[in-house]
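Have a look at the structure below, then the notes.
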Amino acid sequence: MEIPKAYSPKEAEDKILALWRKSDFANPDTCVKKGVTKEDAKPFSIVLPPPNVTGTLHMGHAAMLAIEDILIRFHRMQGYKTLWLPGTDHAAIATESKVEQTLYKTEGKTRHDLGRPEFLERVEQFAKESHDAILHQIKKMGASLDWSREAYTLDEERNLSVRTAFKRMHEGGLIYRGNRIVNWDPKMQTTVSDDEIEWKEEKASFYYLQYGPFVISTARPETKFGDKYVVMHPKDKRYKQYTHGQKIELEWITGPVTATVIKDEAIDMEFGTGVMTITPWHDTTDFEIAERHNLDKEQIIDLKGKLLPIAKEFAGMHITKARPLIIQKLQEKGLVKKIDENYVHRIATNSRGGGIIEPQIMRQWFVDVNKPFTFPHAGFKSVKKGELISLKDLMARVVKKKEIEILPKRFEKTYFHWIDNLRDWCISRQIWFGHQIPVWYRELKTEKKIGFHENVVPQVFAGKTKTYRLRDHEFEIGDKVLFENSQQREIFGGGEITNIQITTVEKIDLKDPLHGTTYKRQDELIAAFKRHYPERKVTSKTEVFVYTYRLIAGKDGQELFVGTETPKGERWTQDTDTLDTWFSSGLWTFSTLGWPEKTKDLKTFHPTSVLETGYDILFFWIARMILMTTYLVGQVPFKTVYLHGLVRDDKGRKMSKSLGNIIDPLDMITKYGADATRLSLIIGAAPGNDIKISEDKVRGYRNFVNKVWNISRFLAMNTQDFTSKRKPVLSASDKKLLNDFSKLTKEVTKNIGFFRLSQAAETLYHYTWHTFADKIIEESKKLLENQKTRASRQYVLLTIFADLLKLLHPFVPFVTEELYQQLPVKNRKESLMIEQWPV
RNA sequence: GGGCUCAUAGUUCACUGGUAGAACGCUUCGUUGACAUCGAAGAGGCAGUAGGUUCGAUUCCUACUGGGCCCACCA
């Protein structure tokens with residue numbers, strides 16, 4: 001048979017893809033069934049970071065697919081029970097935003113014009129088409145994923161996982177509904193998480209305003225209407241004549257106000273005049289100051305960005321329009337002291353295609369990351385069952401104790417730093433596309449009390465009187481106490497508690513939630529308590545009470561139900577909000593394996609072996625997976641995190657439409673083949689470092705692939721007469737070649753094992769081209785002419801090449817498979833991908 | 001403001017406590033039977049600057065300079 005002079009990836013790749021699809025060795029069950037993998041083989045599993053259904057495959061995806069496929073093929077060939085599980089992400093806010101934009105452009109309609117059901121239908125339609133396109137692209141890369149297990153964050157099974165997760169975290173008191181300051185996007189009309197905010201710098205005017213005896217400064221005068229607190233640092237000598245709580249009458253934007261002096265250490269004395277007024281409703285720092293001092297909070301701007309009646313004559317105006325008018329008025333009143341025109345203002349924008357963020361205090365659902373809870377799972381290395389720990393500490397601990405290894409190591413620092421700054425995670429969104437929050441409400445018709453939520457929380461009260469104080473509230477044992485929502489949260493760490501029953505320790509089971517131990521005596525409990533709350537003063541006279549609290553009804557006289565299915569009974573309506581897309585992504589390693597069912601897959605493949613992704617989603621995704629998985633499953637989601645860099649153009653710039661420097665992986669595959677595309681993303685890429693890529697680079701590796709092809713061609717032409725029946729007597733130099741190759745094998749194996757894929761690929765590249773082709777084959781030309789040395793040399797060439805194909809296979813699966821199928825080896829298997837890795 | 005990271009050949013990047021490596025590019029020559037998607041030979045680096053540790057530093061440490069990235073509530 002005539003072998004073409006050059007390798008043609010186009011023809012070969014489709015043929016090989018068909019072969020792989022048919023043989024189905026990406027499915028570990030098939031491998032076991034066909035005797036490729038032992039039933040009790042060690043598992044090796046990776047879940048594919050699910051690409052967004054909105055997108056098309058870009059070079060970043062291609063790099064991810066190449067890296068993971070190498071790891072997967074390598075382990076499969078080594079005999080592991082190997083699973084690489086594919087799926088896609090609905091990417092709630094990004095997808096919805098995209099569809100909304102298209103809808104507006106083509107039909108001039110908003111989602112509200114269509115209504116929820118019809119709008120969602122459109123989104124699903126779009127997602128479906130996009131999904132098919134991206135799947136096609138993934139397959140083209142040669143990714144040996146097990147498509148029989150494909151998952152989608154929004155399919156029925158994942159939906160159940162999400163609802164179950166929500167329910168369990170709520171039961172555990174780690175999900176609560178509360179009024180807190182959140183990032184509100186007035187354009188998309190939804191909240192946005194802290195991590196999805198993109199800060200942009202903008203030149204703005206900076207105003208110095210006379211506020212009674214003080215000069216305050218602001219870039220946002222439109223928020224200043226409600227300012228009735230003036231804050232300064234307690235140690236600021238310039239203002240020592242003012243005392244905390246002092247009232248000052250002054251003239252302000254729309255008339256006289258009474259200002260109250262507040263001393264707080266959050267103030268930077270160096271900045272401006274060292275005095276500021278606060279707007280707790282629309283600024284995070286201000287909110288926290290107000291919380292500390294129990295100050296009033298007042299909304300100034302509505303959810304559409306318009307001023308509320310508090311702004312008097314400016315009410316109803318959009319803030320951007322009102323700003324110059326407010327300044328004009330202040331100028332007329334002589335309250336503007338100075339305007340700095342060169343101020344650089346940092347504005348928060350919604351990175352998922354939304355508008356400028358306006359902080360608002362809103363009632364939303366949150367994950368409580370600080371509340372200590374009793375760890376419910378046994379068999380976990382770094383946390384004991386019954387141990388009291390917060391989600392935040394849990395996340396830090398599993399990495400600190402090396403249950404999860406992050407590569408490259410430097411990202412561990414970044415990870416810890418992020419955790420230190422972590423606040424409660426707002427998980428509710430007001431968009432429509434996503435998992436609707438599994439909470440149902442209904443009005444209470446009677447005062448019927450419904451048990452909903454029980455928990456046990458230890459609390460220390462000093463003193464012996466029968467009345468106890470909690471914050472500003474007094475109550476006695478057995479009292480039913482109604483708390484303001486924002487206050488009780490700190491004490492109980494979540495939930496919507498309207499009714500509290502206090503019981504002394506003697507009256508209930510003395511189960512110490514600190515350690516899950518039951519204490520018979522109060523002093524034992526106190527001792528345990530002291531260990532966990534060293535900052536609280538506990539003396540021998542302190543009484544420790546454990547009280548139970550029970551939610552009788554939701555706050556607004558509503559009954560509330562949290563569960564995986566619509567509750568029985570009438571008049572229930574489901575919460576209209578949807579969950580942050582990362583909530584479902586956080587479950588990905590186990591929701592894809594069938595959780596909450598106790599499936600065989602879950603048992604076999606979880607924790608997964610490696611999580612491989614770009615470092616840009618360390619916080620969004622990896623951190624959240626660790627949070628959700630440790631709590632819900634009691635396992636780490638993965639043992640190793642391998643982070644690759646971002647793919648950039650040859651000048652190191654991000655690829656973007658506006659720069660016109662996007663290299664489409666599919667184009668590269670069409671032009672140079674998938675193998676070359678893969679290699680170009682592997683070689684020269686150190687873990688965690690950005691990868692620069694250019695068409696030239698891909699072209700270079702196409703040449704390499706062709707080189708491999710021609711080596712095989714040479715062998716085919718020169719070994720036709722070789723009979724593999726008997727091993728010939730080998731010359732010393734031939735033995736040495738085999739020995740050298742064995743060293744190479746060890747080196748490559750070691751490097752892949754340590755995730756040094758670039759190193760492994762380079763070594764192979766170099767050996768294949770400059771040793772095997774340039775040296776060994778060149779010298780073989782003579783040896784093959786000599787009948788004395790011919791057989792030995794043929795044997796050596798074929799033996800090395802057969803194994804070389806195996807070593808190369810994870811990196812360049814197509815050409816190696818194609819050549820393997822042509823190779824005259826004995827016992828050829830159905831596919832190279834199930835050949836045994838050389839040792 | 002805090003943190004991380006990079007600086008090595010024209011370019012992109014590795015390895016390494018012992019007087020520097022690869023790929024691409026470049027130069028010259030060669031090659032019509034494995035491959036021009038090729039081969040051989042070659043040019044090209046005071047390893048950002050200044051110190052320190054060391055018998056010895058490109059490698060370890062410190063400072064500086066200049067890039068890049070991430071985080072942060074300076075109103």
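The analysis underlying the following values was restricted to heavy atoms, covering all of them including side chains, and did not include hydrogens, waters or symmetry mates. Note that the structure is predicted; figures quoted are calculated from it, not measured. In what follows, chains carry the letters A, B, and so on, assigned in the order in which the sequence lines appear, proteins first and then strands, with residues in each chain numbered from 1.
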Between A/Tyr767 and A/Phe741, ring centroids under 6.0 Å: yes
Flag if over 12 foreign heavy atoms under 6.0 Å of CD, A/Gln331: yes
Residue whose nearest RNA chain B nucleotide is more 5′ - A/His345 or A/Tyr701: A/Tyr701
Upstream residue (5' side of RNA chain B) when A/Asp195 and A/Met276 are each assigned their closest nucleotide: A/Asp195
Does [X] make a side-chain N or O approach to OP1 or OP2 of [N] shorter than 4.0 Å?
X	N	value
A/Asn421	B/G2	no
A/Tyr343	B/A75	yes
A/Arg702	B/U37	no
A/Asn703	B/C38	yes
A/Lys707	B/A34	no
A/Tyr765	B/C24	yes
A/His770	B/A23	yes

Rounding to a whole Å, what distance do you find between [X]:[atom1] and [N]:[atom2]?
X	N	atom1	atom2	value
A/Leu422	B/A72	CG	C1'	14 Å
A/Asp616	B/C70	CG	P	9 Å
A/Asp340	B/C74	CG	P	17 Å
A/Phe811	B/A23	CZ	P	17 Å
A/Tyr615	B/G68	OH	C1'	9 Å

Determine the Euclidean distance between corresponding [atom1] atoms of [M] and [N]; express it in Å to zero decimal places.
N	M	atom1	result
B/U53	B/G68	P	35 Å
B/C38	B/G44	C1'	24 Å
B/G21	B/C64	P	34 Å

Lys/Arg-Asp/Glu bridge criterion (N-O < 4.0 Å) met for A/Arg624, A/Asp195: yes
Output the single nucleotide from [options] whose closest atom is nearest the side chain of [X].
X	options	result
A/Arg410	B/U5, B/A34, B/A75	B/U5
A/Asn706	B/U37, B/A75, B/A34	B/U37
A/Glu778	B/C73, B/A34, B/A14	B/A34
A/Thr218	B/C69, B/A75, B/A34	B/A75

Geometric cation-pi criterion A/Lys338 and A/Tyr208, 6.0 Å radius, 45° cone: yes
Side chain A/Gln759 and base B/A22 donor-acceptor under 3.5 Å: no
Distance-only polar pair, side chains of A/Glu196 and A/Asn183, donor-acceptor under 3.5 Å: no
